[in-house]
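Take a look at the structure below.
Note that the structure is a prediction, hence the values are computed from the model and not measured. Lettering follows sequence order; numbering is per chain, from 1.
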Amino acid sequence: MKYWTGAIALLIVAIVAGVAFVLWDEAALSIRTFGWDFWRTSVWDPVAGEFGARPFIWGTLYSSILALLIATPVAIGIAVFLSDWCPHALRTPLVFLTELLAAIPSIVYGLWGIFVLVPAVRELQLALPDWIRAMPLFSGPPVGVSMLSAAVVLAIMIVPFTSSVAREVLKSVPASQREAAYAVGATRWEATVVALHNARTGILGAVMLGFGRALGETMAVTMVIGNNPQAKWSLFAPQYTMSAVIANEFTEAADQLHLDSLVEIGLVLFVITLVVNLASRALVWRLNRARTA
Amino acid sequence: MKNRFSNRTLAAAAAILALSTGLIAQGRIQITGAGATFPNPIYSKWFSEYNKLHPNVEINYQSVGSGAGIRQITNGTVFFGATDGPMTNDQKLAAPGAILHFPTVLGAVVPVFNVSGVTQLKFTGPLLADIFLGKITRWNDAAIAKVNPGVSLPSTEITVAHRSDGSGTTYIWVDYLSKVSPEWKQKVGISTAVNWPVGLGGKGNEGVAGLVKQTPGAIGYVELIYALQNKIAYGPVQNAAGEFVNASLESVTAAAAEASAKMPADFRVSITNAPGKGVYPISSFTWLLLYESPKNKALARTFNEFMTWMLTDGQKFAKDLGYAPLPAAVVKMEMDALKKIKTQ
């Protein structure tokens, strides 16, 4: 039994290494041609054979971080409510409903985005006073398909992941912790804060899980982000992500360099996901050490 | 013990499987192809109709995109390929053998727009190129007003919508823009995916149509069939003879008839901006790709029979599905070209 599980664990490592190798190998032409410039340059021109991934890297990171900023407070709020405050009769239906959000296919989120969210974002932009629309963060023509639409759709998609893990973590905080807080005269709210503090590494893990999901999401994002490769701060500017450009261009890419460049985007996405996961591991580890010290 | 048992069952299962597939496969011919999504509805129709006439011939088509179709026939994973843009010389050289192009039907691409209060708009080639280059940014621009006298144009900003996915539709559109605008040709060029100077990307015809419908002041391009089936307003475009022509099956076939006079022997021809009267300028053939000397001669004989049927009886299915049938002159040339395929 020990050997079996060991072998399966090794298999996982081998699969990850294998994926990295295949991506590296299939992207060989692009890696040779552009080197590190692939990460730095912004032109994506299949006709001229010039490929730079910077706007896509920017779009993926920016949309995911924005989604995280929107989703995290909501998800933690849901988790706290369900674990500490919710009346018993409501809990099961609410848990079911939040988890149902995770079961909706992403193309359905995309359709909802196109028909509901995108027009709403356009109305919002038109309603803003001119002095706000002059700021770089809110500039651009009112088209609706934008970084903001993508971030909101992503946020809704990752809320159930983050909240259900965070809820489990809060549930696993020993009852003695809360009881001790009550014993020294804490209010119910203060006891919740104690529990949150106790569960912070687990909650951080839950947040990073949502971040990983946001980085790789393809279909819903490509339907609402506008697919324009430009790295801009504006929330209302149409932009592009790495997974979206692969999904869009892979089938029709007949030119070898174009194909290899798309695979290299996959490699870049793989590396970034790996770095984000390792960084979150390191953060959890440091938090744990700080607590025991 | 356990091992031997599973081996024996496996062998028995394999024997049964071999026997049954052998029986089913008797006399049945299966041919696979892959490529363009644009002609997929008519190809599916042809393959199912042909199967009714010849129940032993089963042709499977995967509509995976022109680029993937070219890749798959080059690698020899399918018997035939299909593409909306002819293969380049480099792509032909990359294949292990000579590949022939056979036009099957024609399609057209139309400009669609969403300008409040305006139902009819005419376009010229240079006008479309300047809009898609981002040089004309408002609907009441003098260049648009000049082509559309009497239409009251709002000052709305123009939002350009294009395909985000690589597409044969894009190929036809930018091929046309390159012919009518030297600046487009030099700055952007022709491909199934290009570096767009301005605009939003939508996935598929439905993505572009959605963007245009929802964004006031938007202009985009979709396939004629798509605009017809979904009742989207599209404008006539000025042809090389100076007439403003609406896209229709007749005006598209007219473009092909004009082109057939100067048809090159390998059929790799662009018919955008074709000369002549009554011609819709943003039209194109779509092609099947076949090896001149296929490895499997038996499959080649069967497929040649299908090609002959497709070029004659099969053409009558095109109109119902919104494709323009091939002009008679082109059919005749293709019948001759079919004889070049080495089936012995």
message: Just to verify, what does B:Tyr176 make a side-chain hydrogen bond (donor to acceptor under 3.5 Å, both in side chains) with, not counting sequence neighbours?
response: none
- prompt: Can you name the ring pair (Phe, Tyr, Trp, His ring centres under 6.0 Å) partners of B:Phe47, sequence neighbours left out?
  reply: B:Phe80, B:Phe306
- request: Identify which of B:Gly189, B:Gly69, B:Ala193 forms the greatest number of heavy-atom pairs closer than 4.5 Å to chain A.
  value: B:Ala193
field: Residue selection (most heavy-atom pairs with chain A, distance under 4.5 Å) from B:Leu211, B:Leu200, B:Val198
entry: B:Leu200
statement: Okay, B:Val64 and chain A: the region with an atom under 4.5 Å from a heavy atom over there is backbone
statement: Turns out that what part of A:Ile225 lies under 4.5 Å from chain B's heavy atoms comes down to neither
Table up the donor-acceptor pairs between chain B and chain A that sit under 3.5 Å, atom names plus distance.
from: B:Ser66; atom 1: N; to: A:Glu252; atom 2: OE1; distance (Å): 3.2
from: B:Ser66; atom 1: N; to: A:Glu252; atom 2: OE2; distance (Å): 2.7
from: B:Gly67; atom 1: N; to: A:Glu252; atom 2: OE1; distance (Å): 3.2
from: B:Ala68; atom 1: N; to: A:Thr251; atom 2: O; distance (Å): 2.8
from: B:Arg71; atom 1: NH1; to: A:Ala253; atom 2: O; distance (Å): 2.3
from: B:Ser164; atom 1: OG; to: A:Asn227; atom 2: ND2; distance (Å): 3.3
from: B:Ser164; atom 1: OG; to: A:Asn248; atom 2: OD1; distance (Å): 3.1
from: B:Ser164; atom 1: OG; to: A:Asn248; atom 2: ND2; distance (Å): 3.3
from: B:Gly166; atom 1: N; to: A:Asn248; atom 2: O; distance (Å): 3.1
from: B:Thr192; atom 1: OG1; to: A:Glu252; atom 2: O; distance (Å): 3.4
from: B:Gly199; atom 1: O; to: A:Asn228; atom 2: ND2; distance (Å): 2.8
from: B:Gly201; atom 1: N; to: A:Gly226; atom 2: O; distance (Å): 2.6
from: B:Gly201; atom 1: O; to: A:Asn227; atom 2: ND2; distance (Å): 3.0
from: B:Gln214; atom 1: O; to: A:Arg122; atom 2: NH1; distance (Å): 3.2
from: B:Gln214; atom 1: O; to: A:Arg122; atom 2: NH2; distance (Å): 2.6
from: B:Gln214; atom 1: NE2; to: A:Ile114; atom 2: O; distance (Å): 3.1

message: I'd like to check the ring pair (Phe, Tyr, Trp, His ring centres under 6.0 Å) partners of B:Phe79; sequence neighbours left out, ordered by chain and number.
response: B:Phe303
- prompt: Using non-hydrogen atoms only, which part of B:Val174 is less than 4.5 Å away from chain A: side chain, backbone, both, or neither?
  reply: neither
- prompt: Highest number of heavy-atom pairs under 4.5 Å with chain B: which of A:Ala48, A:Gly144, A:Pro238, A:Gly226?
  reply: A:Gly226
query: Contact part of A:Val245 toward chain B, heavy-atom cut-off under 4.5 Å: side chain, backbone, both or neither?
result: neither
field: Portion of A:Ala247 that has a non-hydrogen atom of chain B nearer than 4.5 angstrom
entry: backbone
